[in-house]
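Chain A is the first sequence line, chain B the second, and so forth, proteins listed ahead of strands; every chain is numbered from 1. What you see below is based on every heavy atom in this structure, not just the backbone, and it leaves out hydrogens, waters and symmetry mates.
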Amino acid sequence: MSTRITTVSASRGPSLRGLLAELWAYRSLVWAFSSRDLKIKYFQTIFGPLWIILTPLITVGVMTFVLGLMIKVPSDDLPYLVFYLVAIVPWLSFITVFTQTMTSLEAHGALLNKIYFPRLVIGASYAVNGAIDFLVGFAAAVAVAAAYGILTPQFLLAMPVLLAIQMAWALGLGYFLAPYNAQFRDVKHIVPLLIQLYYFACPILYAVSLAPAWAKWLYTVNPLASVITTYRSLLNGHPLDWTGLAWALVASFGMLAWGVAVFMRKEQEMVDVL
Amino acid sequence: MTWAIQVEGLSKLYRLGRGHGQKFDNFYQVVTDAGLALAERLTGGRSRRILPERLAARPGEIQSEHLVLSAAQFEGAPEGHFWALKDISLRIEEGQRVGIIGRNGSGKSTLLKILSRITRPTEGGFRFRGHLISLLEVGTGFHPDLSGRENIYINAKINGMTDAQVRRKFDEIVDFSELGVQIDTPIKRYSSGMYMRLAFSVAAHLESEILVVDEVLAVGDAGFQRKCLDKMLEIGNSGRTLLFVSHDMDAVRKLCTTAVEISHGRVLSQRRLEAAAAGAEAGDIQPGAGQQPVAAAIADYSLDRRMRSEREWDEAGAPRTPSGTVSVRRAWLEDAAGGVRGSYSPAEEVGVRLELRAEAASPGCRVRLEVATVTGRSLFSTSGRVGLEDAQPGASRVVRCRIPAPFFNPGAFRLGFAVADEARPGAETVIRDVLDLVVAAPGEVEAGGGGDVPLAPVFDWSS
């Protein structure tokens, strides 16, 4: 019989160590949730998991045609297909993880009212699926870059770090907003608007080099912009923005820590609100 | 003894009416409240809506016991709030089976939610030793598009089981559910009965030192419900701590050794339940002789958890009268045509048969038939005498009891027996839960949980 003693007190929240130990104990639930979501997502579909790759490819195809061939947006010496692929793949994965995590408390209200498990697990399982989506899309980007003969080893080596930044940023923002989304349904109305603005604030459709000098700092402070720009720079050989990257690392993991802290503090109150 | 759960000064504050934690009215509420106030003034009448604040503003008036909230629950609470639980302290020992009882709104569900770590206490706290699993609902996290197999994995893992535990228990869960090949069908194609079976099967196999259970056992078809009750008793008897929350005193008496009564957010009493406690210690068999250890009795059940219309005992396992001179070899249900059958319509008579064997010279014995509902509520008993003066040792005798129709309302019943020596009327051997009788109206495949009134005998009236 285990002698582990769990203490729950009104005055004291769980310790960081206890939290990590618990997440570790529930790690198999992360996999269970993510494989469940994957199955449900492709249940009764004809193409099944092919959709993981079809979604970014179709988006990128349209962008290449409209923005590349018709409008002829400057693409920093990169083929349009590659230029848009390395932006859209992180973006789609980021936005999925962020919105799913943000609505995780609200969407699982019935579950949270009936059973205890570390609530962080839900967001973590979204991150796992977001990473799978990303890796499939990334493989496509690698293949296309190789076909154009511009693939560099640095592009492959930097990927894990850039993926970590992107995920920490998405999860941090998602965890931070999740309790507010559950409590004030206004959040749900504002966020789609902000996402649209953020889409244009990130250098997805265009290159940072097009931005006026006074607005350049916006791309330095935005972790996702740094992620996208770095992918492009590693392929076209332009110098890297080390300040932006260092800041992206600090900001995204800082956001993750803050988001988790807020989430943990508010999450149990939310059950009484849901 | 060491403690399993220790609750100290636990209190929970809830806001009346609107959600907890919302510190201000939202725009919609401001507008509707203003509109109602205006309407009230214009018509000169009182608003039809009773504002919670009005209730709370005059706590002195709320004194009737029939009201869900008592005046004491407003003491020390900010305006518009009340204490769903106030200063609860409890100590539950390892291996104890505790029933928490109380009326609707007494606070027992809140306590359950706090102990399950679903919501946090406002004051105080609690600690527990080991792993705690709570069942507030069966089938939590089930997804209609996934197969029974996939849902077992998800549900077991949500309940804190590890991969290894699920793998080890998986076949047992599938067997227990009796779903067979249907286990790979998406559960949206299951009947509600099948769904409940699957859900309960996972629940019954969860492994933890402490199990907290809500009244979820009150659903599902009767035979299966009984299987789950048995399984839970097994948990209680294997030294695990059980916390059962219910307003059904019968179920609590059956399962628990201690009852904690909660009323208006406070602990009213904590007392030992003699019947269940004695049952647990003496192995569910009344003092007398022919003691069968409870573990063996449970192993017996585990062998065959299906509805039993017939039961046989071999030489070694046969229950005997306290003197040992008469043994019970077979028990079965028989219809009017002489066939063995467990399911009857209310219009059919039911024959109960018991085959006894004289092991040694005996003047005779007395047999008592005990009929209870599937949840263990005793309904009636009837006794008969069997003369064995002329029986040679080794000879068998069949005792017949005919229950004429109409007598039972549709429902599921458990039949048990007690046998005693004629010469020693004080001592008897009780054999519980021997047979299952299902009474179903024609056309119904399986009886439900049984109505409020299990019996419908016809008596003679005259004037």
Side-chain angles (χ1 to χ4, degrees), chain A residues 1-14 22 24-45 108-119 121-122 125 179-180 182-186 264-274, chain B residues 2 6 8-12 14-15 18-22 26-27 94 113-137 140-141 143-147 150-151 153-164 166 186 208-209 214 239-240:
Chain A
M1 191 165 271
S2 131
T3 47
R4 188 166 56 93
I5 293 174
T6 311
T7 307
V8 175
S9 149
S11 46
R12 213 153 23 94
E22 196 161 43
W24 180 246
Y26 274 88
R27 67 191 179 280
S28 79
L29 185 58
V30 176
W31 302 116
F33 273 143
S34 63
S35 67
R36 178 191 69 174
D37 289 345
L38 270 181
K39 272 178 199 149
I40 294 164
K41 204 160 144 195
Y42 302 115
F43 183 81
Q44 287 190 350
T45 58
H108 290 80
L111 191 62
L112 305 187
N113 250 308
K114 292 295 179 195
I115 200 155
Y116 172 81
F117 56 89
R119 294 357 184 164
V121 160
I122 308 175
S125 77
Y180 297 102
Q183 192 173 5
F184 308 105
R185 300 286 157 93
D186 310 56
M264 290 306 296
R265 205 179 62 236
K266 303 210 74 169
E267 150 270 293
Q268 284 202 317
E269 289 171 27
M270 287 311 112
V271 169
D272 302 331
V273 177
L274 283 166
Chain B
T2 44
Q6 214 165 22
E8 276 155 18
L10 195 80
S11 302
K12 177 76 181 177
Y14 270 125
R15 197 183 148 108
R18 288 158 198 163
H20 165 85
Q22 201 159 315
N26 71 25
F27 183 69
E94 243 165 34
K113 277 195 170 179
I114 292 175
L115 293 181
S116 310
R117 289 182 288 165
I118 285 168
T119 183
R120 210 192 282 263
T122 312
E123 284 171 13
F126 69 98
R127 29 187 200 150
F128 58 89
R129 203 190 291 271
H131 192 54
L132 181 148
I133 283 179
S134 74
L135 284 174
L136 272 65
E137 181 188 69
T140 314
H143 196 284
D145 283 344
L146 298 180
S147 69
E150 290 159 339
N151 273 306
Y153 273 99
I154 297 268
N155 189 238
K157 283 179 184 173
I158 289 181
N159 280 295
M161 273 169 91
T162 61
D163 269 323
V166 187
S208 70
E209 283 87 24
D214 198 8
R240 273 174 250 181

Which portion of [X] sits near chain A, non-hydrogen atoms under 4.5 angstrom:
X	result
B:N151	neither
B:S116	backbone
B:Y153	neither
B:I118	both

Using a cut-off of under 4.5 Å on heavy-atom pairs, state which of [options] scores highest against chain A.
options	value
B:I158, B:L132, B:T162, B:T119	B:I158
B:E8, B:M161, B:H143, B:E123	B:H143
B:A156, B:S134, B:G124	B:G124

- Partners passing salt bridge (charged side-chain N to carboxylate O under 4.0 Å, His left out) against A:E22 (at least two apart in sequence or in another chain):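 Checked A:E22 against salt bridge (charged side-chain N to carboxylate O under 4.0 Å, His left out); matches are B:R117.
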
- Quick one: which of A:A32, A:S28, A:A25 has the most heavy-atom pairs under 4.5 Å with chain B, could you say?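 With the most close heavy-atom pairs to chain B, the winner is A:S28.
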
Does any part of the side chain of [Y], heavy atoms only, come nearer than 4.5 Å to the side chain of [X], both counted from C-beta?
X	Y	value
B:E94	B:R129	yes
A:V30	A:S125	yes
B:N155	B:T140	yes

Is a side-chain donor or acceptor of [X] paired with a backbone partner of [Y] at a separation under 3.5 angstrom?
X	Y	result
B:K12	B:R120	yes
A:R119	A:L112	yes
B:E209	B:H131	yes
B:D214	B:L135	no
A:Q183	A:Y180	no

- chain B contact residues among residues 34-42 of chain A, heavy-atom distance under 4.5 Å: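 Counting heavy atoms that sit under 4.5 Å from chain B, the residues of residues 34-42 of chain A involved are A:R36, A:K39, A:I40.
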
- Task: Just do the ring-ring contact (aromatic ring centres under 6.0 Å, His included) check on A:F33 and A:Y26 with the steps written out, would you?
- Result: CA-CA 11 Å; A:F33 273 143; A:Y26 274 88; 9.8 Å; no

